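Structure first, then comments.
For the numbers below, each heavy atom of this structure counts, side chains included, while hydrogens, waters and symmetry mates do not. Since this is a predicted model, take the numbers as computed values, not measurements.
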Amino acid sequence: MKISLRQFAALCAVAGVLFVGQASAAVKLSDAFNGPYYDPTANGRGISMLFAPLANGSTVVFGALYTYLDGEPTWLILQQTFLEFQFESTNVPVYQFTGGSFDFPFDPATSEVVGTATISANSCSSIYVDLDMNENSGFPDVELGDLQPVGGTPNTCVYTEEFAGCPAFSTASTVVPRGCELNGVITQDVNLTNDTTWVFNGLVRFGNDNADSVTLSIEPGTVMIGKGQASDYAYISPGSSINANGRPWAPIIWTSPQDGFISGTTPSPGDVGGIVVSGNAPANACPEPPFNCFSEFDESLRFGGDSPNESSGEMSYIQVRYAGFVFAPNREVNSFTFQAVGNGTIVHHLQSYRGKDDCVEFFGGTVNVKNFVCTESGDDGLDWDLGYSGMGQYGLISWGSGFGENFGIEGANNPDGFDALPRATPTVANYTFLGNGQGASGILFKQGSAGRIYNTIVEGFPVSCIEFQNTPATYTAAGTPEMPSGASTFNGVIVNCDTDFKDADGAPWTVESFFNSGEFEDNAETNPMLNGYMPTANSPARSGAAPVMGGGFIDQTSYRGGFDGMNDWTVPWTIKPNGDN
């Protein structure tokens, strides 16, 4: 039952047919489902399936059956385009192919529609195909139920279980099929499985403040949506943890209910809230007991403490789309929000896609992040405050147009005390910031913030590449061009904006003189020569990296920017990482 060259040619011949019916919910189809399927109860009867993902997130699904009509062998071909989160389609055309050859010149086969089918994917090991054949076709109706893959479930397919109803901590969704709704405060360990679309209704809090602590586990390939309010968001309380590890081929996705789940709607930034993780690491707004820092979006939600090495769990291979909610000025939920999260937390491969506010904001804490993608934000890419001192390496911040893009980095220390301690002094290495003519400045230090920037590219921001605000606090924290303090540094940085530097009013020295300090290494005002976000063969970014002071978390690289020019670590787990650019 392997898919042959002849069969594949026949499949491609009908690839232009559009989808008719849809059911969008759990189970995201991909080429991990490819292969022959058989009915173990019906003497090996089955179908060969081919799933071809498209750039827009949809998947072309092909089915091929070898059968007989009037004693003669013939092929029946099913073909349909499934939307990104669609698991079932009805009225799928069934084609009978006759004739044709691979002789030269090529003689194409002829086809006619001889019936329709329903295709439903329940899991990697259960596909349902129901053939409703035309009366004059000569073929009988056939129900191929619970088809299983020949050779067993492939290792790359994560959907191993079928949806069997909602667990006790949830209720059946009225928004989507195979969906379960969450609301309120959850005080038991829960596992969000990928056979279900999880619908968040308002603020869903996991655990209480260092009480009733729980672990939220999320399987690879799981899809989570809001019920339809921008204030639908997930909140991990201090003392609780999250264990959400997707796979490169099966990321966890948090998105809008308008992202293909509700017919006739189009997703927009701010359709759903984001993911908030809170912990007990230091924050300079509450440096002493009782450590009463409070979330700007909900003043009843406390965070902060004296545990810089605390773990709040693991997060990897996660997309957050169309998220962010502005309750009031300076009171927002971002795509990702980390509040006093400790560096025992493992975080890597996160993407914010077309959010309404910041892609990620750090309120204090020490958490480290690798491989971060921010695509077309409604505000800033990286935003830190309240003494954040973690590290980030490998990033892409790419602005589009019309989403309200602002700073690539908005680094602040504390709006109520510019010299509050611990001072914000994070390390950022191997990032590529692409303004693409949009936004404000690429990197902003303000309100006394410091920061160590290594081996980074900043290009195309209309105000400046690097800006300092608030004298004397921000300037004093940095030191002077002749004698930098070490809290603010630039090494191996390439800037390429119409205006590369912008100074605060009354500044004691210029940002340009600081950038070009003899105490720093390998900085340059030059064209990084990028193709999209990848450096070209002659790009100066392919070499010239400076050593990074970052302990065991930071990798030493030979190149500058987020990419070496040969390997694209955004593939395949992101959606349009460079937006529409």
Side-chain angles (χ1 to χ4, degrees), residues 380-382 384 388-397 407-413 423-435 440-461 463-471 473-504 507-528 535 539-541 543-550 554-562:
D380 307 313
L382 309 183
W384 64 68
Y388 172 64
S389 60
M391 292 179 278
Q393 187 174 30
Y394 308 122
L396 171 63
I397 311 296
F407 297 99
I409 289 177
E410 185 177 33
N413 185 43
R423 188 181 302 278
T425 313
T427 297
V428 175
N430 293 101
Y431 262 68
T432 297
F433 294 92
L434 300 178
S441 293
I443 296 174
L444 170 67
F445 288 171
K446 70 175 187 178
Q447 297 175 356
S449 180
R452 302 181 178 105
I453 311 298
Y454 291 93
N455 303 328
T456 284
I457 296 170
V458 185
E459 181 175 56
F461 287 83
V463 174
S464 70
C465 277
I466 302 174
E467 177 180 357
F468 279 25
Q469 290 181 5
N470 304 120
T471 183
T474 305
Y475 287 78
T476 301
T480 66
E482 295 74 26
M483 190 176 294
S485 67
S488 292
T489 62
F490 296 92
N491 288 278
V493 178
I494 296 175
V495 294
N496 184 37
C497 301
D498 289 342
T499 299
D500 285 334
F501 308 103
K502 184 179 180 182
D503 305 301
W509 39 260
T510 66
V511 176
E512 181 175 17
S513 64
F514 189 76
F515 180 83
N516 291 313
S517 168
E519 299 300 311
F520 302 148
E521 300 179 54
D522 303 311
N523 292 330
E525 299 175 58
T526 189
N527 185 346
S539 168
S543 60
V548 182
M549 306 298 291
I554 296 290
D555 303 324
Q556 302 298 325
T557 68
S558 60
Y559 59 91
R560 295 178 281 181

Validation row, ring centre F407 to ring centre F461 under 6.0 Å: no
Do E459 and T432 come within less than 4.5 Å of each other through their side chains, counting heavy atoms only? no
Contact between I453 and F515 at the side-chain level, heavy atoms closer than 4.5 Å - yes or no? no
May I ask you to decide if the ring planes of W384 and Y388 are parallel, tilted or perpendicular, using 30° and 60° as cut-offs? tilted
N523 backbone acceptor or donor facing R560 side chain under 3.5 Å: no
Sub-3.5 Å donor-acceptor pair from the side chain of Y475 to the main-chain atoms of A504, do we have one? yes
What's the spacing between I443 CD1 and E467 CD if we round to 0.5 Å? 11.5 Å
OG1 of T474 to CG of N413: how many Å apart, nearest 0.5 Å? 8.5 Å
Between T557 and Y394, does a side chain to side chain contact (heavy atoms under 4.5 Å, CB included) hold up when you go through it step by step? CA-CA 11 Å; T557 68; Y394 308 122; 3.7 Å; yes
May I ask you to decide if D555's main-chain N or O and Q393's side chain share a donor-acceptor pair within less than 3.5 Å? yes
For residues S449 and G411, report the shortest heavy-atom separation together with the two atoms involved. CB-O, 3.3 Å
Interatomic spacing from NZ in K446 to OG in S441 - rounded to 0.5 Å: 11.5 Å
Within the side chain of T425, is there an N or O that forms a donor-acceptor pair under 3.5 Å with the backbone of A487? no
Nearest heavy-atom neighbours spanning V511 and K502: CG2-O, 3.4 Å
Within a reach of under 6.0 Å around CG of D498, are more than 12 heavy atoms found that belong to other residues, nucleotides or ligands? no
Measuring only between side-chain heavy atoms, which start at C-beta, is S464 closer than 4.5 Å to C497? no
CA sep, side-chain torsions, deciding dist, call: T489, Y454, side chain to side chain contact (heavy atoms under 4.5 Å, CB included): CA-CA 8 Å; T489 62; Y454 291 93; 4.2 Å; yes
Determine the minimum heavy-atom distance between W509 and G479, stating which atoms define it. NE1-O, 3.1 Å
Hey, is the main chain of R452 close enough, under 3.5 Å, to the side chain of T427 for a donor-acceptor pair? no
Looking at CG of D503 and CD1 of I466, how far apart are the two atoms once the value is rounded to the nearest 0.5 Å? 11.0 Å
Whether F490 and F445 hold their rings parallel, tilted or perpendicular, with breakpoints at 30° and 60°: parallel
Would you confirm whether R423, through its side chain, and G448, through its main-chain N or O, come within 3.5 Å as a donor-acceptor pair? yes
Check whether D522 reaches the backbone of G492 with its side chain - one donor and one acceptor, N or O, closer than 3.5 Å. no
Quick check for you: to the nearest 0.5 Å, what is the distance between L396 atom CG and L434 atom CG? 6.0 Å
Sub-4.5 Å side-chain heavy-atom contact between T510 and F501: no
Spell out, as yes or no, whether a donor-acceptor pair under 3.5 Å connects the side chain of E410 to the backbone of L444. no
Has the side chain of D380 got a donor or acceptor atom that lies under 3.5 Å from a matching backbone atom of I409? no
For residues P484 and F514, report the shortest heavy-atom separation together with the two atoms involved. CB-CE1, 4.1 Å
Any sub-3.5 Å donor-acceptor pair from S539's side-chain atoms to P528's backbone N or O? yes
What one should report as the nearest heavy-atom pair of G442 and V458 is CA-CG1, 3.8 Å
In terms of heavy-atom contacts, A546 and Q556 come closest through O-OE1, 4.4 Å
With a 3.5 Å cut-off and no angle check, do the side chains of N470 and Q447 form a donor-acceptor pair? no
With rounding to the nearest 0.5 Å, note down the distance linking CG in N430 to CG in N455. 5.0 Å
